[in-house]
Number of protein chains: 2
Amino acid sequence: MATLGELERTVMDLLWDSPDALTANDLRDRLAQAEGEAGKELAVTTVLTVLARLEKKHLVTRERSNRPHRYRAVMSREEHTVDLMNEALGTVLDREAVLTRFIGGISADEAQALRRILNDAQSA
Amino acid sequence: MATLGELERTVMDLLWDSPDALTANDLRDRLAQAEGEAGKELAVTTVLTVLARLEKKHLVTRERSNRPHRYRAVMSREEHTVDLMNEALGTVLDREAVLTRFIGGISADEAQALRRILNDAQSA
DNA sequence: CTGTGTTTTCTACACGTCGTAGAACACAAA
DNA sequence: TTTGTGTTCTACGACGTGTAGAAAACACAG
């Protein structure tokens with residue numbers, strides 16, 4: 001529902017980019033890596049705290065069965081993005097006006113892709 | 001850029017719903033009205049603080065010429081919504097996947113409207 | 001069963017944002 | 001110049017987020 005913080009967002013990105021579930025230590029390592037040379041080496045507890053918060057927000061789940069718990073994103077990055085878009089759209093009365101403007105801002109290629117998608121949906 | 005708070009959002013809604021610029025007092029009154037019978041009668045300074053913050057966020061401007069400053073939204077509700085949607089879309093690599101899912105979630109009527117909009121844009 | 005290393009949970013703090021508003025200041029009209 | 005009205009300054013509590021130490025839970029080697 002709410003906007004993610006910087007670190008929360010980075011963790012989500014790492015989870016989304018990973019094909020399989022990760023442990024807190026995996027994430028700590030990848031965070032250090034991702035931050036380039038200036039890596040700050042976060043404490044594992046920091047990562048765990050963030051993961052707990054993301055879990056509370058229903059963005060990640062974990063497998064508690066085996067000891068190093070493994071965390072995974074609940075939904076795909078794309079699904080989450082769509083949720084955000086719909087949230088933005090949420091209470092607006094004139095949705096069509098918004099969509100019109102939105103489409104006005106996308107590239108020709110994307111507009112073309114949209115037409116195809118819409119036609120596929122129609123014929124389906 | 002950031003998400004608005006409850007009161008900030010309500011103030012923006014009032015500004016968007018008003019054809020002309022409003023003073024802090026106008027807004028205080030409308031806020032009391034909008035809150036129904038349980039209206040809490042906010043202090044004017046509260047409204048002014050919120051307006052100053054919204055101004056800092058470039059969401060409202062004011063006319064300082066005449067004494068009761070008059071505040072107006074910088075962009076329309078629709079434009080702002082589009083900004084939010086693009087912000088959500090922002091860093092996603094596979095934009096098309098997002099758009100596909102997004103379209104999958106809208107109503108048939110809206111899909112129809114989208115086709116029309118896209119075709120208009122194409123022939124223009 | 002007991003120590004020892006690993007992982008997780010609890011608790012905490014600093015900092016930023018937001019709702020809220022009093023105190024102090026600016027200004028125009030009487 | 002007083003007085004009322006509007007604006008800015010300053011502030012505080014609540015909440016979210018980055019950050020992590022202390023403590024508890026576990027699993028495995030003796």
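Numbers restart at 1 for each chain; the letters A, B, ... are given by sequence-line order, proteins then strands. In this text, all values refer to a predicted model and were calculated from it rather than measured experimentally.
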Side-chain donor/acceptor pairs under 3.5 Å, residues 65-75 of chain A, sequence neighbours excluded:
unit_1, atom_1, unit_2, atom_2, d
A:His69, ND1, A:Arg62, NH1, 3.3
A:Tyr71, OH, A:Arg62, NH1, 3.0
A:Arg72, NH2, A:Glu63, OE2, 2.6

So the ring pair (Phe, Tyr, Trp, His ring centres under 6.0 Å) pairs with at least one residue in residues 14-35 of chain A (sequence neighbours excluded) are A:Trp16-A:His80
Besides B:Leu93, the hydrophobic cluster formed by Ile, Leu, Val, Met, Phe, Trp and Tyr side chains linked at under 4.5 Å, directly or via other members, contains none
Salt bridge (Lys or Arg N to Asp or Glu O under 4.0 Å) filter on A:Glu78, not counting sequence neighbours, yields none
Extract from the structure each pairing of a protein N or O with an N or O of nucleotides 17-20 of chain C at less than 3.5 Å, listing the distance.
unit_1, atom_1, unit_2, atom_2, d
C:dC18, OP1, B:Thr3, O, 3.1
C:dC18, OP1, B:Lys57, NZ, 3.1
C:dC18, OP2, B:Lys57, NZ, 2.9
C:dG19, OP1, B:Glu6, N, 2.7
C:dG19, OP1, B:Leu7, N, 2.5
C:dG19, OP1, B:Glu8, N, 3.4
C:dG19, N7, B:Arg53, NH1, 2.7
C:dG19, O6, B:Arg53, NH2, 3.2

Expected list for residues 60-76 of chain A near DNA chain C, using heavy atoms below 4.0 Å, is A:Arg62, A:Arg64, A:Arg67, A:Pro68, A:His69
Those residues at least two apart in sequence (or on a different chain) that pass salt bridge (Lys or Arg N to Asp or Glu O under 4.0 Å) with B:Asp13 are B:Arg9, B:Arg77
In the 5' to 3' direction, the nucleotides of DNA chain D bounding the stretch that comes under 4.0 Å of a heavy atom in chain B are D:dG6 to D:dA11
Heavy atoms of B:Ala88 and A:Thr81 approach each other most closely as O-CG2, 3.5 Å
Residues passing the salt bridge (Lys or Arg N to Asp or Glu O under 4.0 Å) test with A:Asp29, sequence neighbours excluded, are none
Sorted by chain and number, sequence neighbours left out, salt bridge (Lys or Arg N to Asp or Glu O under 4.0 Å) with B:Arg30 holds for none
Applying side-chain contact (heavy atoms from CB on, under 4.5 Å) to B:Arg28 and not counting sequence neighbours gives B:Asn25, B:Glu41, B:Val44, B:Val47
Which pairs would a plain distance check flag for residues 96-104 of chain B, meaning a side-chain donor or acceptor within less than 3.5 Å of a matching protein atom at least two apart in sequence or in another chain?
unit_1, atom_1, unit_2, atom_2, d
B:Glu96, OE2, A:Arg116, NH2, 2.7
B:Thr100, OG1, B:Glu96, O, 2.8

